[in-house]
Amino acid sequence: MNVLLTGGTGYIGSHTCVRLIELGLRPVLLDNFANSKRAVLDRIERVTGVRPLFFEADIRDRRRLDEVLAVQPVDAVIHFAGLKAVGESVQRPLTYYDNNVHGTCVLLEALQAAEVRTMIFSSSATVYGDARTMPIVEDAPTEATNPYGRSKLMIEGILRDLAVAQPEWSITLLRYFNPVGAHPSGAMGEDPQGIPNNLVPFIAQVAVGRRDRLTVFGDDYPTPDGTGVRDYIHVLDLAEGHVAALQHGHRHPGVHVYNLGTGQGYSVLEVLRAFERVCGRELPYAVAPRRAGDVASCWADPERAGRELGWRAERSLDRMCEDVWRWQSANPTGYPE
Ligand code: NAD
Ligand code: WQD
C-alpha cells in the first residue's frame, strides 16, 4: 500500500513514516520545507534502513500535485501539511487560511482527479475550544478560539461536505491532544525553529542550556497545583494511531472522528518534574501571567479510538521525557541544515 504523507518531513509525519516503513507499507513523502529540514530524510533512512520516496512540493500547487500523483500513484493520504503556530495565526490569519484551508482544497481536487478516496486528516484538540467537561468526548461542542483552530474546523467541515457529496470517500479526522516525545534512537525528534511555543520543547532547550529558564504561564488555574493541565501523548503512539486509522478507514467509507490522547492529564509542573528526573538536575523556572487564549485543562476520552480502531496510547510521561532528552542531548541544535 502506497500512502502519501503531506507534511511528511515534519515532526509527526516523519515519525509516522518510520512506523509505516517498519510495517512494510510504502510512504510517499511530500513537503515544501516550510517548517522542516531535508536532513529528516537521512535520519529516517538511518533509523529504518530505507530511504523514503520524497517529493518537494507545495500542496497549493495543483500542477505539481498532479505530477507527483502521476509519477507515484497512492492508495491513501495522511494529510499532515499545515502551519500550526497559534500566535502566528493571530498575526497572519490570511496566511493560515491560504496555506491550511485553500491548500487542503487544492489537494482534495488533485486527489479526486487521481481517484484517491481515503484521507486521514491531522486535526487538533484545539477544535474543542474551552471545553466545559473533562474528559473530552468527540461529540463535545466545537469552537474556534484563534485562526489556526478555525482553519482546522473549516477543513473538518469541508471534508464532511465532501463525504456527503461523494459517499465513496473515507475521511478520518484525528484530533490530536499534545504530541510530544521522540524516536527512541535519539536520531529523530521535534525541531522547532526559533523560540519554542510548546512546553516540552521549551523545557528540553532549558535542559540542554539553550534557554535560561522555563516561563510557567500562570499558576492560578483551577487545577490541583494551579498550572495548566494537558494530555501529552508520545509521537510514536500517535504514529500507531494513524496506522490503525488507515487500516480502518480503508474498509469503512464515511466520516470518522477520533481523539488521540492518553486520557490522562498532567500539569506544567508535573511535566517539568518528570523531565528533571530524566535529565538528572533541577531546571529553573519562573511563574508569569497566564498566556492569552490558554485553557485551564484539556484531556481526552480516547475510548472511541480504543473500541473502533483497537488503538490506545501505551507510553508513559517518563518515557516521553526520556526520548525527548535523548534526542535533544544528541542534537542540541536540532537537525543539521
Ligand atoms: P510540523 O510543522 O513539524 O509539520 C508540518 C509539515 O508540513 C512541515 O514539514 C511543513 O514544512 C509542511 N507544510 C506546511 N505547509 C505546507 C504546504 N503548503 N505544502 C507542503 N508542505 C507544507 O508540524 P507537526 O507537529 O508535525 O504537525 C502535523 C500536523 O498535525 C499539522 O497539520 C498540525 O496542525 C497538526 N497538529 C499538530 C499538533 C502538535 O502539537 N504538534 C497538535 C495537533 C495537530
Ligand atoms: C501546554 C501547557 C501552557 C509553554 C498547543 C496548541 C494546540 C495543539 C498543541 C496544534 C499550557 C504551558 C507552555 C511555556 C508554559 N497544537 N506552557 N510555558 O497550548 O496545550 O496546545 O499545542 O494543534 O492547538 O494550542 O500546548 O505545549 O503550548 O502548552 O507554561 O513556555 O504548558 O500554558 O498550560 P497547548 P503548549
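It should be emphasised that the depicted structure is a prediction, and the values quoted were computed from it without experimental measurement. Counting starts at 1 for both ligands and their atoms, following the listed order. Atom set for the values below is all heavy atoms of this structure, side chains included, hydrogens, waters and symmetry mates excluded. In what follows, residues are counted from 1 in the order of the sequence shown.
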Taking atom 41 (N) of ligand 1 as the reference point, the nearest protein heavy atom with its distance: K84 NZ, 3.6 Å
Contact with ligand 1 for G103, non-hydrogen, under 4.0 angstrom: no
Identity and distance of the protein heavy atom lying nearest atom 13 (N) of ligand 1: N32 OD1, 3.5 Å
CG/D318: more than 12 non-hydrogen atoms of other groups inside 6.0 Å: yes
Top protein contact for atom 34 (O) of ligand 1, by heavy-atom distance: Y148 OH, 2.6 Å
Atom 3 (C) of ligand 2: the protein heavy-atom neighbour that sits closest, reported with distance to 0.1 Å: D294 OD2, 3.4 Å
Test item, A57 contacting ligand 1 (heavy atom, 4.0 angstrom): yes
Closest protein heavy atom to atom 8 (C) of ligand 1, given as residue, atom name and distance to 0.1 Å: D31 OD2, 3.5 Å
Which of the ligand 1 atoms, numbered from 1, are nearer than 4.0 Å to a heavy atom of S123: 43 (C), 44 (C)
CD/E168: more than 12 non-hydrogen atoms of other groups inside 6.0 Å: yes
Sub-3.5 Å N/O-N/O distance, N198 and ligand 2: yes
H242 ring center near F80 ring center (under 6.0 Å): yes
Closest to atom 30 (O) of ligand 1 (judged by heavy-atom distance), picking from F55, F33, Y176: Y176
Polar atom proximity, L199 to ligand 2 (N or O, under 3.5 Å): yes
Close approach of A125 to ligand 1, heavy atoms, under 4.0 angstrom: no
Side-chain donor-acceptor contact under 3.5 Å, E138 with Y258: no
Sub-4.0 Å atoms of ligand 2 with respect to non-hydrogen atoms of N197: 4 (C), 28 (O)
Heavy atoms of other groups near R304 CZ, more than 12 under 6.0 Å: yes
Nearest neighbour in protein (non-hydrogen) for atom 5 (C) of ligand 1: G82 O, 3.8 Å
Sub-3.5 Å N/O-N/O distance, L83 and ligand 1: no
Protein heavy-atom partner closest to atom 29 (C) of ligand 1 - residue, atom, separation in Å: F80 O, 3.2 Å
Ligand-side contact atoms (ligand 2) for residue partner T215, heavy atom cut-off under 4.0 Å: 14 (C), 15 (C), 18 (N), 30 (O), 31 (O)
Atoms of ligand 1 close to S122 [distance to a heavy atom under 4.0 angstrom, numbered from 1]: 29 (C), 30 (O), 32 (O), 35 (C)
For G7, atoms of ligand 1 separated by under 4.0 Å from a heavy atom: 6 (C), 7 (O), 12 (C)
Close approach of Y148 to ligand 2, heavy atoms, under 4.0 angstrom: yes
L108 reachable from L173 in the ILVMFWY side-chain graph, under 4.5 Å edges: yes
Trace of the side chain to side chain contact (heavy atoms under 4.5 Å, CB included) decision for V77 with I120: CA-CA 6 Å; V77 180; I120 314 292; over 6 Å; no
Minimum non-hydrogen distance to atom 24 (O) of ligand 2, winning option of T126, T223, L214: T126
Contact with ligand 2 for R291, non-hydrogen, under 4.0 angstrom: yes
N/O separation below 3.5 Å, S36 to ligand 1: yes
Side chain to side chain contact (heavy atoms under 4.5 Å, CB included) between L283 and I203, intermediate numbers included: CA-CA 8 Å; L283 299 173; I203 293 176; 3.8 Å; yes
Check: L246 and L20 side chains under 4.5 Å, non-hydrogen atoms: yes
Option set N99, V180, N100, criterion heavy-atom distance to atom 15 (N) of ligand 1, minimum: N99
Check: D225/T227 side-chain N/O donor and acceptor closer than 3.5 Å: yes
Atoms in ligand 2 flagged as close to N178, the criterion being non-hydrogen separation under 4.0 Å: 20 (O), 21 (O), 26 (O), 35 (P)
Donor-acceptor pair between Y96 and R150 side chains, under 3.5 angstrom: no
T104 to I59 - nearest heavy-atom pair and separation: N-CD1, 4.1 Å
Test log, rule side chain to side chain donor-acceptor pair (under 3.5 Å), inputs D323 and H234: CA-CA 9 Å; D323 289 339; H234 197 294; 2.8 Å; yes
For G228, atoms of ligand 2 separated by under 4.0 Å from a heavy atom: 34 (O)
Shared hydrophobic cluster, L260 / L159 (ILVMFWY, side-chain heavy atoms < 4.5 Å): no
R51, CZ: over 12 other non-hydrogen atoms inside 6.0 angstrom: yes
Linked, directly or transitively: Y232 and Y285 (ILVMFWY side chains, under 4.5 Å): yes
Distance filter under 4.0 Å to V216 heavy atoms, resulting ligand 2 atoms: 30 (O)
F217-ligand 2 polar pair, N/O distance under 3.5 Å: yes
Shortest protein heavy-atom distance from atom 4 (O) of ligand 1, along with the residue and atom involved: G10 CA, 3.4 Å
Cation-pi geometry met for R38 and F33 (6.0 Å, 45°): no
For atom 2 (O) of ligand 1, closest protein heavy-atom neighbour: N35 ND2, 2.7 Å
Close N or O approach (A34, ligand 1; < 3.5 Å): yes
Shared hydrophobic cluster for M1 and M119 (ILVMFWY, side-chain gaps under 4.5 Å): no
Sub-4.0 Å heavy-atom approach of Y232 to ligand 2: yes
Atom CZ of R281 with >12 non-hydrogen neighbours under 6.0 angstrom: yes
For atom 12 (C) of ligand 2, closest protein heavy-atom neighbour: V268 CG2, 3.6 Å
Check: K152 N/O within less than 3.5 Å of ligand 1 N/O: yes
Steps toward side chain to side chain donor-acceptor pair (under 3.5 Å) verdict (R26, N2): CA-CA 5 Å; R26 284 226 320 167; N2 295 331; 3.1 Å; yes
For R230, the ligand 2 atoms whose distance to one of its heavy atoms is below 4.0 Å: 1 (C), 11 (C), 20 (O), 34 (O), 35 (P)
Proximal ligand 2 atoms for V86, defined as those under 4.0 Å from one of its heavy atoms: 6 (C), 25 (O)
Shortest heavy-atom approach to atom 19 (N) of ligand 1 - which of V40, T9, I59: I59
More than 12 heavy atoms of other groups within 6.0 Å of R210 CZ: yes
Heavy-atom nearest neighbour in the protein, as seen from atom 8 (C) of ligand 2, with distance rounded to 0.1 Å: S124 OG, 4.0 Å
